[in-house]
Amino acid sequence: MEKKRALRIFSILEKEYPAATSALYFNNPFELLIATILSAQCTDERVNKVTPGLFRKFKLPADFLSIPDEILEKEIFSTGFYKQKTKSIKNCCRVLVEKHDSRVPESFDELSRLPGVGRKTASVVAGNAFGIPAVAVDTHVLRITNLLGFIESRDPEKIEFKWKELLPEDKWVKISNLLILHGRKICIARRPQCADCVLNKLCPYPSSTKEEKM
DNA sequence: CTCCCGATAT
DNA sequence: ATATCAGGAG
């Protein structure tokens with residue numbers, strides 16, 4: 001049974017990473033929203049080098065709207081795609097001010113309608129800021145779900161629905177954070193550390209790469 | 001499907 | 001030196 005195996009994997013990872021939360025630095029939903037927009041195609045670690053200083057200077061959506069693009073571009077430069085992200089953040093803040101009373105909407109649908117916010121970002125914010133059940137599928141979740149053999153797909157939405165069908169919704173937010181953490185520490189994209197992996201026995205992948213590199 | 005882009009591992 | 005990492009919009 002697939003669900004049984006999924007639950008088993010969840011338990012093992014939960015034991016391994018008891019305090020699995022988003023690795024992003026944030027103090028409130030708005031900060032998490034901005035941090036997550038910045039985390040597109042960028043490691044959380046890199047985002048965290050930029051956000052503490054950024055949030056000290058700019059607290060509210062209106063603060064971000066009040067500054068020239070060039071200032072914001074310079075602040076977030078190292079996260080890559082900085083021109084796009086500056087536009088996304090500004091447009092997003094504009095919508096927050098104009099349509100949401102300067103606050104972050106508390107539903108997945110409203111979140112994903114914000115500029116610069118797709119399913120992954122909406123899920124991260126919904127789940128980690130508001131405790132709304134959601135599966136955030138980033139590159140780690142996608143990769144590991146494939147490696148574990150639960151699915152064969154590059155479509156994040158398919159991965160998302162797969163986990164939603166595999167686990168009860170009180171575990172959705174946690175499984176994302178667990179897989180992301182595991183993906184960064186052990187099941188690393190460039191070179192998975194299968195020897196140190198707690199899922200070794202439950203994963204079809206290690207056996208297929210026995211004598212690779214040693 | 002293409003564009004957006006810096007940081008880091010190899 | 002260069003491949004790879006890491007999401008959203010048009």
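Each chain gets a letter, A, B and so on, in the order its sequence line appears, and its residues count up from 1.
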#### Entry: Distance below 4.0 Å between A:R119 side-chain N/O and C:dG7 OP1 or OP2
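Result: no.
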### Query
Is the distance from OP1 or OP2 of C:dG8 to the nearest side-chain N or O of A:T121 less than 4.0 Å?
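The answer is yes; a side-chain N or O of A:T121 sits under 4.0 Å from OP1 or OP2.
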### Whole-Å distance separating the CD1 atom of A:I159 from the P atom of C:dG7
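It is 14 Å, rounded to the nearest whole Å.
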### Message
Just the rounded figure in Å: distance from P of B:dA9 to CZ of A:R184.
### Response
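So the two atoms are 12 Å apart, to the nearest Å.
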### Message
At 4.0 Å (heavy atoms only), tell me whether A:D138 reaches a base, stays on the sugar-phosphate, or touches nothing.
### Response
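The residue A:D138 makes sugar-phosphate contact but no base contact.
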### Message
In whole Å, measure the gap between the C1' atoms of B:dG6 and C:dG10 for me.
### Response
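Taking atom C1' in both B:dG6 and C:dG10, they lie 23 Å apart.
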### Message
Could you tell me how far C:dT2 sits from B:dC5 if I compare only their C1' atoms? Round to whole Å.
### Response
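Straight-line distance between the two C1' atoms is 15 Å.
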### Task
Strictly below 4.0 Å, heavy-atom distances to any atom of DNA chain C: list the hits from residues 104-116 of chain A, or just say none.
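Within residues 104-116 of chain A, the residues near DNA chain C are A:L114, A:P115, A:G116.
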### Partner set under side chain to side chain donor-acceptor pair (under 3.5 Å) for A:S39, not counting sequence neighbours
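Once residues adjacent in sequence are excluded, the partners of A:S39 under the side chain to side chain donor-acceptor pair (under 3.5 Å) criterion are A:K120.
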### Query
Can you list the residues that meet the side chain to side chain donor-acceptor pair (under 3.5 Å) rule with A:N48, with sequence neighbours excluded?
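If we apply the side chain to side chain donor-acceptor pair (under 3.5 Å) test to A:N48, skipping adjacent residues, there are no hits.
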### Query
Looking at A:F10, is A:K171 sitting on its ring face, NZ or CZ under 6.0 Å from the six-membered ring centre and within 45 degrees of the normal?
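Flagged: A:K171 positioned over aromatic ring of A:F10.
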Under 3.5 Å, which N/O atoms of the protein pair with N/O atoms of nucleotides 2-5 of chain C?
| residue | atom | partner | partner atom | Å |
| --- | --- | --- | --- | --- |
| C:dT4 | O2 | A:R190 | NH2 | 3.1 |

### Query
Taking only residues two or more places apart in sequence, or in another chain, which ones meet A:R103 in a side chain to side chain contact (heavy atoms under 4.5 Å, CB included)?
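A:R103 satisfies side chain to side chain contact (heavy atoms under 4.5 Å, CB included) with A:D101 once adjacent residues are dropped.
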### Name of the residue among A:L38, A:T51, A:I71 meeting side-chain contact (heavy atoms from CB on, under 4.5 Å) with A:I76
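Exactly one candidate clears the test, A:L38.
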### Query
Any side-chain donor-acceptor pair under 3.5 Å between A:S107 and A:E110?
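The criterion, which ignores hydrogens and geometry beyond distance, is satisfied for A:E110 and A:S107.
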### Query
Of all of residues 76-87 of chain A, which get a heavy atom below 4.0 angstrom from DNA chain B, listed by number?
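Nucleic-acid contacts, sorted: A:F77, A:S78, A:G80, A:F81, A:Y82, A:K83, A:Q84.
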### Message
Does the plane of the ring in A:F64 sit parallel, tilted or perpendicular to the ring in A:F58? Use 30° and 60° as the thresholds.
### Response
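Because their plane-to-plane angle lies in the 30° to 60° range, the rings of A:F64 and A:F58 count as tilted.
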